[in-house]
Amino acid sequence: MRAVDIIEKKRNGLELTNEEIKFLINGYTNGDIPDYQMSAFTMAVYFQGMNDNEATNLALAMLHSGDELNLDMIEGVKVDKHSTGGVGDKTSLVLAPLVASLGINFAKMSGRGLGHTGGTLDKLESIPGFNISLTDDEFIEQLKKIHLAIIGQTVNLAPADKKLYSLRDVTATVDSIPLIASSIMSKKLASGANAICLDVKVGSGAFMKNIDSARKLAKLMVAIGNKCNRHMTAVLTNMDEPLGFAVGNSVEVLEAINTLNGNGPKDLLELCLTLGAYLVIDSNLASTVSEAKDLLRKQIENKEGLNKLAEMVNAQGGDSSYIFNPAKFVLGKNVIEIKSQNKGYVSKIDALAIGHAAMLVGAGREKITDTINPRVGVVLNKKVGDYVNENETLATLYSDGNNEKEAIEMIKKAYSYADFEIEPKLILEIIR
Ligand code: URA
């Protein structure tokens, strides 16, 4: 077999066999196939696409390039959730403890934030002492004991994907649906869960800017997971405004705690109940969505979700008193209220711009080596659908003095207005 023939076959729009895909991925991982041939291949896929079989074989070839986490020794269903990346997305901090408090194993390997999107690990690290680096054995032991662990990647998951993703990043081939689907699913399949819920974001702050491409991506990821015997759900959600009010690290943990205390933003709660409901159904604890949502709501009312978050923080070395006494979180020393210069109904809040503003003041990273300041961030006072008068507070910036002016301008410009009422819609579609 020769790489050039496989590239030519894909360039001409023909279907690749499993052997051909494995040959390319194995050769690329061990260095036999050079970057320039792989670049040509990814560009051919970008233009010609891949069918479900090819994308599944690509995901599996990348999965088999590294280690797989075996969670079979943990009794019961193991669930996981993945978001394609948004702004203000603290869903895992609420969803995981809520679901785990029902006795369902929530085994999550998370990532760090980059650019305008935040990362669950950075948010958790704003809790003093919280340790995201457990060994595989510690991860499994914790899951057996408390049904919940959120950690950074330990095992060498899908190294072929890591190498290929870096190449795509510099060859304008990131935004190819089969390449994104196989990349995400190679890592999700390697993490060992039986039931996976995907939150596919659509809108200005997301990879997928429109519903048609988001639907295609979601369907393909569900198909790949199903072919590998996983229970799959994909929820398409609107990212035309940040999720909830808070964008940053400590501010997002505070919002997650409020939500588990029953005082969360409507959109965040709705998303957690929806994603959670399918994981509860896949764990055979309910047969309908409304029954599953009722179970989850009860875990908020009786504080079991909050207690489970504290239990996880404790188990991973963090100071769980912050969960019960969130006033302990120290926020940025400059608290700046950003006022509206317009009046009308908020019609859109550019999530990308808000994420960027938060990054500028230090809540996110421009480069992977940048450090995060957990104290800073943005808290929106107005969301889509709210009426705003001139000079009313749109958002509050918590800062320690970095790039404040630029961030304030960005936040002001992120708001669009209309002179008619607007009903925001968060959940756009569900694919099972
Ligand atoms: N996230 C991934 O893990 N892979 C992609 O290709 C895009 C987003």
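What you see is a predicted model; the values in this text were computed from it and never measured. All ligand and atom numbering here is 1-based and tracks the order in the structure.
In terms of protein heavy-atom proximity, atom 1 (N) of ligand 1 is closest to I184 CG1, 3.8 Å.
Listed by number with element, the atoms of ligand 1 under 4.0 Å from a non-hydrogen atom of Y165 are 4 (N), 5 (C), 6 (O), 7 (C). With ligand atoms numbered from 1 in the order given, ligand 1 contributes 2 (C), 3 (O), 4 (N), 5 (C), 6 (O) to contacts under 4.0 Å with heavy atoms of S183. Per-residue contacts place F207 under 4.0 angstrom from the following atoms of ligand 1 (heavy atoms of the residue considered): 7 (C), 8 (C).
Taking only nitrogen or oxygen atoms, main chain and side chain alike, K187 reaches within less than 3.5 Å of ligand 1.
In summary, the side chains of D89 and S83 do present a donor paired with an acceptor at a separation below 3.5 Å, with no hydrogens or angles considered. Between the side chains of T274 and E270, no donor-acceptor pair of N or O atoms lies under 3.5 Å.
Counting non-hydrogen atoms of neighbouring residues, nucleotides and ligands closer than 6.0 angstrom, the NZ atom of K266 reaches no more than 12 such neighbours.
For the pairing with E241, the salt bridge (charged side-chain N to carboxylate O under 4.0 Å, His left out) check across K425, K382, K383, K348 returns one residue only, K383.
A cation-pi geometry, defined here as NZ or CZ lying under 6.0 Å from the six-membered ring centre and within 45° of its normal, holds between K163 and Y28.
Using a 4.0 Å heavy-atom cutoff, V174 is absent from the residues neighbouring ligand 1.
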